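Keep in mind that what you see is a predicted model, and the values were worked out from it rather than measured.
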Amino acid sequence: MDLIQSVEKEIAPVTRAINFEVGDTVKVHYRIIEGDKERIQVFEGIVIAIDNHGLGKNFTVRKISFDVGVERIFPLFSPRIGKIDVVRKGKARRAKLYFLRERKGKSAKLKERKGRSGVIAADVPAAPPAEKAGE
């Protein structure tokens, strides 16, 4: 491990595993401080980019609000992010989905990713053992 990575590991403010990919729809619970009050704002949209730069890892979330596209860049290791929920997994064939900026309506949607939907085999109850016909 080189020197930069070891220093980043020591000063990391929040340890957070990245459990989403580009194309996924996520809900980001972001803490906003207004004067002496504090509130949680939920921003839901499609992850169109993830920039991997150590502690400076950012991800960009895009949503359509009243026919206007809104993008927000969140630092992954920010202590202001309460939690990140994955709403649905999207099928993306690109690392950056900037082409969604020019699209509207149904053409701005991504197909849902098939396959493993987060269900772990240990969570599924085992089938009862089959009884033999001769007994």
Side-chain angles (χ1 to χ4, degrees):
M1 188 184 317
D2 72 334
L3 183 63
I4 295 174
Q5 290 176 346
S6 62
V7 170
E8 284 180 350
K9 197 169 255 193
E10 291 175 12
I11 64 171
V14 177
T15 56
R16 180 175 287 129
I18 185 164
N19 58 354
F20 57 89
E21 297 176 6
V22 173
D24 294 351
T25 302
V26 295
K27 281 185 182 179
V28 181
H29 298 261
Y30 198 73
R31 206 174 48 179
I32 295 178
I33 300 168
E34 296 170 331
D36 57 345
K37 290 192 248 177
E38 191 175 295
R39 65 184 174 92
I40 300 281
Q41 183 181 47
V42 179
F43 191 88
E44 181 177 351
I46 298 175
V47 177
I48 64 169
I50 297 176
D51 297 322
N52 294 309
H53 297 292
L55 277 183
K57 184 180 283 192
N58 297 323
F59 61 100
T60 305
V61 181
R62 178 179 174 82
K63 74 174 183 177
I64 305 296
S65 178
F66 299 105
D67 293 333
V68 177
V70 179
E71 289 184 9
R72 186 142 185 213
I73 300 170
F74 294 100
L76 183 66
F77 298 112
S78 172
R80 288 196 175 186
I81 293 179
K83 64 180 177 176
I84 302 169
D85 295 329
V86 178
V87 177
R88 73 187 278 269
K89 298 279 192 180
K91 183 178 177 184
R93 297 175 62 179
R94 305 275 181 275
K96 309 283 192 242
L97 303 180
Y98 296 140
F99 65 90
L100 292 178
R101 291 174 175 167
E102 286 86 35
R103 297 193 178 185
K104 291 183 179 180
K106 274 191 162 182
S107 66
K109 304 280 185 199
L110 294 175
K111 291 182 181 178
E112 193 157 359
R113 193 170 22 184
K114 303 264 192 240
R116 300 174 69 176
S117 61
V119 177
I120 301 171
D123 293 341
V124 180
E131 293 185 25
K132 293 182 181 177
E135 295 180 14

Non-hydrogen atoms of I46 and A108 that approach each other most closely: CD1-O, 4.2 Å
Residues forming a ring-ring contact (aromatic ring centres under 6.0 Å, His included) with F74, sequence neighbours excluded: Y30, F43, F59
Quick one, H29 and D85 - any side-chain contact, counting heavy atoms below 4.5 Å? yes
Looking at I32, I'd like to know if its CD1 atom is crowded, meaning that more than 12 non-hydrogen atoms belonging to other residues, nucleotides or ligands lie closer than 6.0 Å. yes
Treat each ILVMFWY residue as a node, draw an edge where side-chain heavy atoms are under 4.5 Å apart, and state whether Y98 and V26 are in one component. yes
If you count heavy atoms of other groups shown closer than 6.0 angstrom to CZ of R39, is the number above 12? yes
Minimum-distance pair of heavy atoms, taken over all atoms of S65 and V70: CB-CG2, 4.1 Å
Between OG1 of T60 and CG of L97, what distance do you get to the nearest 0.5 Å? 10.5 Å
Output the distance between atom CD1 (I48) and atom CZ (R101), rounded to the nearest 0.5 Å. 4.5 Å
Pick from I84, V61, T25: which one makes a side-chain contact (heavy atoms from CB on, under 4.5 Å) with F20? I84
Under a 4.5 Å cut-off applied to non-hydrogen side-chain atoms, are I33 and R80 in contact? yes
Is a side-chain N or O of K96 found less than 3.5 angstrom from the main chain of I50, in a donor-acceptor match? yes
Closest contact, heavy atoms only, A92 versus G23: CB-CA, 4.3 Å
Nearest 0.5 Å please: distance from the NZ atom of K27 over to the NZ atom of K63. 11.5 Å
With a 4.5 Å cut-off on side-chain heavy atoms, are L110 and K91 touching? no
Beyond-backbone contact of D24 with R113, side-chain heavy atoms, under 4.5 angstrom: yes
